[in-house]
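Presented below is the structure to which this report refers.
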Amino acid sequence: MPVGTVGSVKAMSPDELRDDVKAQIILGNTYHLYLRPGHKVIEKAGGLQKFTNWNKPMLTDSGGFQVMSLSGLRKITRDGVRFQSHLDGSYHMFTPERVMEIQNSIGADIIMSFDECPPYPASKEYIAKSLDVTLEWAERGLEAHKRPNEQALFGIVQGGVHTDLRQKSAEALMKLDFPGYSIGGLAVGEKKEDMYRITSFLNNILPTEKPRYLMGVGTPANLLENIRNGIDMFDCVMPTRNARKGSVFTRNGKLIIKSARYIEDFTPMDPECDCYACRNFSKAYIRHLIKMKEILGMRLATIHSLHFYLELMGMARQAIFDDKYEQFAKDMVPVLESIVDH
RNA sequence: GGAGAGGUUCCCGAGUGGUCAAAGGGAACAGACUGUAAAUCUGUCGGCGGACGCCUUCGUAGGUUCAAAUCCUACCCUCUCCA
């Protein structure tokens, strides 16, 4: 799922997302959209899809991640989180009920419980306490949800890198019978082996008939490793953010397109790729655009990276259907983790 | 022709006797980025060698001094104003 925090996948138009990237669903963020333009505005517009002219599924994150990333600007209590807006410093209170109300207004197809995403590292005691609060919030959110038939509310499994806490979290959420389960609090700085260990562990606990969504992950290699561990959905800013800043992902590894080594490389970023950028433009040109901070450079790089991510997921699906996933992942991961050097 | 200002490391621009290989910014180069406070941030940025040091550098050529990018002399070149 490409990330469109404030109602736009940065540098992309809905047409590009649909036709070039082939995105099926994109994200928005409750905290950001609540601040600007305001969820009531979006509700008046007829919901986020209508407002943004994106006629495919959408998911909103609850703002739980902002509890962590805006750590200097918020205070957590059992009742909720008091935020100071990063835009103007004004104070705002987020409770599970309030977050549900906002997400009901925004109107995405899939919405998230309000949670606390603990930072890494954090003590096990802290994570355990945080987890209890997050579980309580999940129940309160479920209770407050006004449109359960139109919007699927996912519970978020927390618990850091501790299997016992993860188990407790997952089992408590499963009792509440959510239509899908998110896994939060990973890819926040822990070793990737710890991340894989946790997803692998949860693979044996979470129900197979419900979607599992690993929040905020990750690199192409992360995706393949976690698909092996039963993950069905991902979102990450990495393909879009990194592309804007001059590095894109390809089937041959990470390509730092802004590098001087491509000044006179007039071949496509990936000759096998059939995205709009690779079909029409050279490395040298895209490098030039990025170095000049031209908007087109960000667009082309973003189109390619997102296209690649979505294509990689298609390949993974096919490999699963063909019952060849293990070999597929084994072959792909080392290449995906490399940096293209020519 | 007259009066004035100035030439600093790729560029802009501080520095007016030692603490100066020379502030700061830009460019360049390398890299980071994982539920987006991100078109952001970090590092390197005269040469050679481990550190430490040595060598070369502040328009050019001389000079003063223990010591000069900084002071003196001449020259070259830019810019502004006046005629």
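Each chain gets a letter, A, B and so on, in the order its sequence line appears, and its residues count up from 1.
- Minimum heavy-atom separation, A:Lys56 to A:Gln24: CB-O, 3.7 Å.
- Looking at heavy-atom distances under 4.0 Å, A:Arg287 makes contact with sugar-phosphate atoms alone, never a base.
- Comparing the C1' positions of B:rC66 and B:rU73 gives an interatomic distance of 23 Å, to the nearest angstrom.
- B:rU34 is unpaired under the Watson-Crick or G-U wobble criterion, no partner having all donor-acceptor distances under 3.5 Å.
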- Verdict with reasoning, A:Glu16 to A:Val9, per side chain to side chain contact (heavy atoms under 4.5 Å, CB included): CA-CA 10 Å; A:Glu16 287 167 328; A:Val9 176; over 6 Å; no
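- Taking a pair to require two hydrogen-bonding distances under 3.5 Å in either a Watson-Crick or a G-U wobble arrangement, B:rG1 pairs with B:rC82.
- Using a 3.5 Å distance cut-off with no hydrogens or angles, the side chains of A:Asp115 and A:Ser113 do not pair a donor with an acceptor.
- Counting heavy-atom neighbours within 6.0 Å of A:Asp323 CG, excluding the residue itself, gives a total of 12 or less.
- Among the atoms of the strands shown, none is found under 4.0 Å from any heavy atom of A:Ser182.
- For the pair A:Tyr309 OH and B:rC33 C1', the interatomic distance rounds to 11 Å; values are reported in whole Å.
- One interatomic measurement links the two molecules: CG of A:Asn242 to C1' of B:rA38, which rounds to 11 Å at whole-angstrom precision.
- The same atom, C1', is picked in B:rC11 and in B:rC81; the two are 28 Å apart, to the nearest Å.
- The side chain of A:Ala187 lies closest to B:rU34 when the candidates are B:rC29, B:rG35, B:rU34.
- For B:rG35, the base has no donor-acceptor partner in the side chain of A:Asn29 [N/O atoms by modelled type, under 3.5 angstrom].
- Taking atom P on both nucleotides, B:rG7 is separated from B:rC12 by 11 Å, rounded to a whole Å.
- Enclosure of atom CD in A:Glu136 by more than 12 non-hydrogen atoms of other residues, nucleotides or ligands within 6.0 angstrom is indicated.
- Residue A:Arg299 is classed as having no contact, given no heavy-atom separation below 4.0 Å to the nucleic acid.
- When Watson-Crick and G-U wobble pairs are counted only if both distances are under 3.5 Å, B:rC20 pairs with no nucleotide at all.
- Listed by first and then second residue, the ring pair (Phe, Tyr, Trp, His ring centres under 6.0 Å) pairs involving residues 221-269 of chain A are A:Phe249-A:Tyr309 (not counting sequence neighbours).
- Side-chain atoms of A:Ile339 lie closest to B:rA32 of the nucleotides B:rG35, B:rA32, B:rA38.
- When rounded to the nearest whole Å, the span between CG of A:Leu223 and P of B:rG35 equals 11 Å.
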Check nucleotides 39-44 of chain B for protein N or O atoms closer than 3.5 Å to its own N or O atoms and list the pairs.
unit_1: B:rA39; atom_1: OP2; unit_2: A:Arg244; atom_2: NH1; d: 2.7

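- In this structure, A:Asp341 places its CG atom 15 Å from C1' of B:rC29, rounding to the nearest Å.
- In this structure, the side chain of A:Arg287 does not engage the main chain of A:Ile257 through any donor-acceptor pair within 3.5 Å.
- Using a 4.0 Å cut-off, no side-chain N or O of A:Gln66 falls inside it from OP1 or OP2 of B:rG35.
- In this entry the distance linking CE of A:Met1 with P of B:rU36 reads 11 Å, nearest Å.
- Residues A:Phe328 and A:Tyr325 place their aromatic rings such that the two centres sit under 6.0 Å apart.
- Residue contacts shown for A:Leu186 are absent, as no nucleic acid heavy atom lies under 4.0 Å away.
- Base pairing analysis places B:rU60 opposite B:rA74; the two distances defining the Watson-Crick or G-U wobble pair are each below 3.5 Å.
- The residue A:Gly297 sits apart from the nucleic acid: no heavy atom pair falls under 4.0 Å.
- Both A:Ser113 and A:Arg241 lie near RNA chain B, and the one whose nearest nucleotide falls closer to the 5' end is A:Ser113.
- If you take NZ of A:Lys254 and C1' of B:rG31, they are 8 Å apart, rounded to a whole angstrom.
- The aromatic ring centroids of A:Phe178 and A:His145 lie 6.0 Å or more from each other.
- B:rG63 and B:rA51: their C1' atoms are spaced 39 Å apart (whole Å).
- Whole-Å rounding puts the A:Leu70 CG to B:rU36 P distance at 11 Å.
- A:Ile263 and A:Leu289 fall into different hydrophobic clusters, where Ile, Leu, Val, Met, Phe, Trp and Tyr are joined by side-chain heavy atoms under 4.5 Å apart, directly or via other members.
- When the P atom is used for both B:rA67 and B:rC76, the distance is 30 Å, rounded to whole Å.
- When every heavy atom of A:Asn53 is checked against every heavy atom of A:Pro14, the shortest pair comes out as O-CB, 3.6 Å.
- For B:rG53, the paired nucleotide is B:rC48, the pair qualifying as Watson-Crick or G-U wobble because both relevant distances are below 3.5 Å.
- Proximity of A:Ser259 to the phosphate of B:rC29: no side-chain N or O atom is located under 4.0 Å from OP1 or OP2.
- Taking side-chain N and O atoms only, A:Lys291 has no distance below 4.0 Å to OP1 or OP2 of B:rA27.
- Contact check, A:Ser69 against B:rA37: a side-chain N or O comes under 4.0 Å of OP1 or OP2.
- Summarising the geometry, the separation between CG on A:Leu306 and P on B:rU34 is reported as 16 Å, rounded to the nearest angstrom.
- As rounded to the nearest Å, B:rU64 and B:rG18 have C1' atoms that lie 16 Å from one another.
- Glycosidic conformation of B:rA37 is syn; the angle stays within 90° of 0.
- Base pairing analysis places B:rC29 opposite B:rG43; the two distances defining the Watson-Crick or G-U wobble pair are each below 3.5 Å.
- Comparing B:rA3 with B:rA14, their C1' atoms sit 28 Å apart, to the nearest whole Å.
- Of the residues in residues 190-217 of chain A, A:Met215, A:Gly216, A:Val217 come within less than 4.0 Å of RNA chain B through at least one heavy atom, sorted by number.
- In the displayed structure, A:Glu193 atom CD is contacted under 6.0 Å by more than 12 heavy atoms of other residues, nucleotides or ligands.
- Out of B:rG31, B:rG35, B:rA37, the shortest distance to the side chain of A:Ile256 is found at B:rG31.
- Under a 3.5 Å cut-off, the side chain of A:Arg140 and the backbone N or O of A:Asp79 do form a donor-acceptor pair.
- Taking the C1' atoms as reference points, B:rA21 lies 12 Å from B:rC45, given to the whole Å.
- At a threshold of 4.0 angstrom between heavy atoms, the contacts of A:Glu294 with the nucleic acid are absent.
- At a cut-off of 3.5 angstrom, counting only N and O atoms as typed in the model, there is a donor on one side and an acceptor on the other between the side-chain of A:Thr240 and the base of B:rU36.
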